Amino acid sequence: MKKYLSVLFALIFFFSSCKKFLQLEPQYVVNTASFYKTEQDFETAIVGSYSELQSLYNAPMVYIGELTTDNAHIIWTSPTTSESELDEMMVTPSNGFVGSVWNLNYKIITESNTILDNIDNAKLRDALKQQYKGEAKFLRAFAYFNLVRLFGDLPIVTHNFRSPNEIQSYDMSRKPADSVYAIIINDLKQASSALQGVAGLSKSRASVGAAKSLLGKVYLTIHQYAEASAVLNDVISGGTYSLQTGYASLFTNNNDELPESIFEVKYLSGNIGEGNSFSSIFTPPSFNAAIFPQNMNGSGRIIPTRDMMDAYESGDIRRKESIMDSLRVQGGTYEAIPYGLKFVDFTVGIPGDGGVNYVALRYADVLLMYAEALNELDKTDEAYTYINMVRQRAGLNGIGGLSKTEFRLAMEKERRVEFFCEGSRWFDLIRTDRAIAVVNNYFDANGLSFSVTQNELLMPIPQREIDINPDTKQNPGY
């Protein structure tokens with residue numbers, strides 16, 4: 001009767017992207033009576049959960065965050081249906097990227113629940129138990145936050161299922177988004193507390209700073225500006241992070257553990273399945289390209305629009321460090337084809353083998369979110385300090401003397417150029433209720449017969465989930 005997400009729960013702890021850490025037998029289920037006993041068991045489990053982020057950010061989240069907006073478009077002549085749907089904002093319930101985002105995030109949730117359900121009975125040092133609890137709750141909150149922003153009301157699952165009967169009897173109906181946000185906030189508060197004093201972990205793992213930074217973003221998203229201001233100020237006053245001196249170094253080889261990085265997703269070239277695909281996705285589909293070893297050609301799936309290229313102010317160093325205006329081709333000449341530079345690994349010539357890390361949370365975001373919260377609290381004069389720190393790093397003069405409304409528009413533009421190709425644009429426009437106006441203006445200005453409607457501010461529930469449980473309610477308009 002209630003089979004919603006049944007395949008997901010049958011795949012409890014299936015580490016498809018973590019083969020080097022764990023071989024399961026049988027592969028579809030872990031025997032919790034024999035596993036989750038030792039420190040190594042839980043280390044294996046938590047690393048496996050983090051590894052899902054490689055697949056999540058290798059394409060799906062960045063596609064949805066960029067291609068749906070005025071930032072990027074496709075120039076490949078034969079895009080997939082799923083890519084075209086995002087580019088034209090005509091997304092259907094069968095869209096592959098939407099389905100991947102749903103499945104991968106729920107997989108993280110399931111794996112986190114499994115860790116949390118088993119850790120209290122394990123014979124681990126108390127400090128290590130607290131650490132793993134904090135990491136699991138951060139990851140669960142991270143995944144639910146991705147989902148609730150995209151789909152709205154969600155099935156809420158906060159424990160692991162141990163039998164088909166438990167799944168059968170569980171209420172898998174979609175719960176209000178407010179209830180999802182309550183779980184996210186509680187998880188992040190508990191993660192922040194549990195991770196106090198934990199040191200020596202890589203920035204690819206949760207920390208107090210990561211939990212508080214994400215919590216600030218959550219509060220900002222639900223317009224709780226006083227709470228956002230308080231927690232983001234904690235991150236800033238803590239003095240743990242600072243703006244990177246060279247903007248470009250955030251997005252190229254050897255960008256591990258930089259001072260600006262708060263939480264990052266690691267990629268490694270030379271290991272099958274551990275590299276990223278940005279080198280292909282962000283560069284043009286020219287067979288004559290000469291920008292990679294072995295003259296690998298890109299695929300032109302996320303290419304900056306002219307509107308994006310013109311969004312930078314004169315003198316903004318982020319322009320040349322984010323976008324290349326022309327493509328070098330064989331023979332040494334150039335073609336006027338722009339492409340993105342962020343996260344592109346120019347040292348490898350194999351698609352899907354990029355070794356540049358994706359930075360999921362960074363200090364510039366904290367500064368700009370804090371400035372946004374201050375402005376919404378009618379403290380615009382205080383907000384200038386923080387937006388101008390980011391502008392000055394970009395080689396620009398500071399701003400001042402703006403009204404509250406003018407500051408909002410300045411912030412919208414600042415976030416656009418600061419985070420181009422990082423998957424932020426769609427979520428920023430949704431948070432500020434500007435998606436319909438901005439994207440439709442872009443379509444109109446370019447003579448495109450596409451549009452964003454009110455119902456499209458939420459993505460459709462994947463058709464596969466509707467097929468599993470026909471009682472599941474689809475988002476309106478799909």
Side-chain angles (χ1 to χ4, degrees), residues 57 61-62 65-66 71 203-204 207-221 228-229 231-252 254-265 308 311-313 315-323 340-343 356-376 382-399 407-429 431-432:
Y57 284 95
M61 287 295 289
V62 177
E66 298 291 332
N71 274 12
K203 289 185 176 182
S204 62
S207 63
V208 173
K212 288 186 174 181
S213 298
L214 184 58
L215 182 58
K217 189 181 287 282
V218 171
Y219 280 137
L220 200 67
T221 299
S229 173
V231 72
L232 292 168
N233 184 54
D234 280 350
V235 178
I236 294 168
S237 60
T240 302
Y241 310 102
S242 60
L243 291 176
Q244 187 70 14
T245 301
Y247 181 76
S249 62
L250 287 162
F251 315 106
T252 191
N254 303 312
N255 66 336
D256 298 80
E257 312 289 317
L258 297 177
E260 186 167 335
S261 175
I262 298 173
F263 181 60
E264 60 195 50
V265 180
M308 181 69 235
Y312 296 85
E313 297 173 46
D316 191 334
I317 65 170
R318 292 171 295 194
R319 171 66 166 77
K320 64 181 177 62
E321 295 179 347
S322 301
I323 299 172
L341 298 173
K342 288 184 177 179
F343 309 119
V356 181
N357 298 334
Y358 173 83
V359 186
L361 290 170
R362 58 187 179 91
Y363 190 57
D365 196 7
V366 170
L367 294 173
L368 293 180
M369 288 192 294
Y370 186 50
E372 183 175 329
L374 289 172
N375 183 59
E376 295 301 327
E382 295 179 39
Y384 293 127
T385 297
Y386 302 97
I387 190 173
N388 287 339
M389 289 171 66
V390 176
R391 289 177 58 81
Q392 287 161 7
R393 195 261 299 270
L396 299 174
N397 294 327
I399 60 173
F407 189 95
R408 286 173 177 162
L409 294 176
M411 178 61 70
E412 180 180 293
K413 180 177 180 180
E414 198 64 37
R415 290 190 64 87
R416 185 184 188 189
V417 295
E418 177 69 23
F419 301 112
F420 169 61
C421 263
E422 297 179 53
S424 293
R425 179 65 165 169
W426 175 255
F427 298 105
D428 287 343
L429 294 175
R431 184 184 69 253
T432 57

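This is a predicted model, so every value here is computed, not measured. Hydrogens, waters and symmetry mates play no part in the numbers below; they use all other heavy atoms, side chains included.
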On a heavy-atom basis, which atom in [X] and which in [Y] lie closest, and how many Å separate them?
{"X": "L232", "Y": "S213", "value": "CD2-O, 4.2 Å"}
{"X": "S249", "Y": "G246", "value": "OG-O, 2.5 Å"}
{"X": "Y370", "Y": "N233", "value": "OH-OD1, 3.5 Å"}
{"X": "A394", "Y": "R318", "value": "CB-NE, 3.3 Å"}
{"X": "A383", "Y": "A371", "value": "CB-O, 3.3 Å"}
{"X": "V235", "Y": "G209", "value": "CG2-O, 4.3 Å"}

Between N255 and N357, is there a donor-acceptor pair closer than 3.5 Å when you use the side chain of the first and the backbone of the second?
-> yes
Looking only at atom types and distance, does a side-chain atom of E66 sit under 3.5 Å from a main-chain N or O of G423, one as donor and one as acceptor?
-> yes
Residue pairs, two or more places apart or on separate chains, that pass salt bridge (charged side-chain N to carboxylate O under 4.0 Å, His left out) and touch residues 384-394 =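 Qualifying pairs, neighbours excluded: E260-R393, E313-R391, R391-E414, R393-E418.
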Restricting to pairs with a member in residues 210-221, which pass salt bridge (charged side-chain N to carboxylate O under 4.0 Å, His left out), not counting sequence neighbours?
-> K212-D234, K217-D365
Look up atom [atom1] in [X] and atom [atom2] in [Y], then write down how far apart they are to the nearest 0.5 Å.
{"X": "R319", "Y": "L341", "atom1": "CZ", "atom2": "CG", "value": "9.5 Å"}
{"X": "I317", "Y": "Y247", "atom1": "CD1", "atom2": "OH", "value": "9.0 Å"}
{"X": "L215", "Y": "L220", "atom1": "CG", "atom2": "CG", "value": "11.0 Å"}
{"X": "L214", "Y": "Y219", "atom1": "CG", "atom2": "OH", "value": "11.5 Å"}
{"X": "L243", "Y": "L367", "atom1": "CG", "atom2": "CG", "value": "5.5 Å"}
{"X": "F251", "Y": "S322", "atom1": "CZ", "atom2": "OG", "value": "6.5 Å"}

Between [X] and [Y], is any pair of side-chain heavy atoms under 4.5 Å apart?
{"X": "N71", "Y": "W426", "answer": "no"}
{"X": "I262", "Y": "Y241", "answer": "yes"}
{"X": "L374", "Y": "S229", "answer": "yes"}
{"X": "F343", "Y": "T252", "answer": "no"}
{"X": "S261", "Y": "R362", "answer": "no"}

Output all residues satisfying ring-ring contact (aromatic ring centres under 6.0 Å, His included) with [X], sequence neighbours left out; order by chain, then residue number.
{"X": "Y363", "value": "none"}
{"X": "Y57", "value": "Y358"}
{"X": "F419", "value": "none"}

Passing option when R415 is tested against T432, L429, D428 for side chain to side chain contact (heavy atoms under 4.5 Å, CB included) =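 Among T432, L429, D428, the one that satisfies the side chain to side chain contact (heavy atoms under 4.5 Å, CB included) with R415 is D428.
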Derivation and outcome, side chain to side chain contact (heavy atoms under 4.5 Å, CB included), residues Y312 and K320 = CA-CA 10 Å; Y312 296 85; K320 64 181 177 62; over 6 Å; no
Carefully, step by step, assess R408 and N375 under the rule side chain to side chain donor-acceptor pair (under 3.5 Å).
-> CA-CA 8 Å; R408 286 173 177 162; N375 183 59; over 6 Å; no
Under the side-chain hydrogen bond (donor to acceptor under 3.5 Å, both in side chains) rule, collect the residues that match up with E412, sequence neighbours excluded.
-> R434
Electrostatic pair K342-E321, nearest N-O below 4.0 angstrom = no
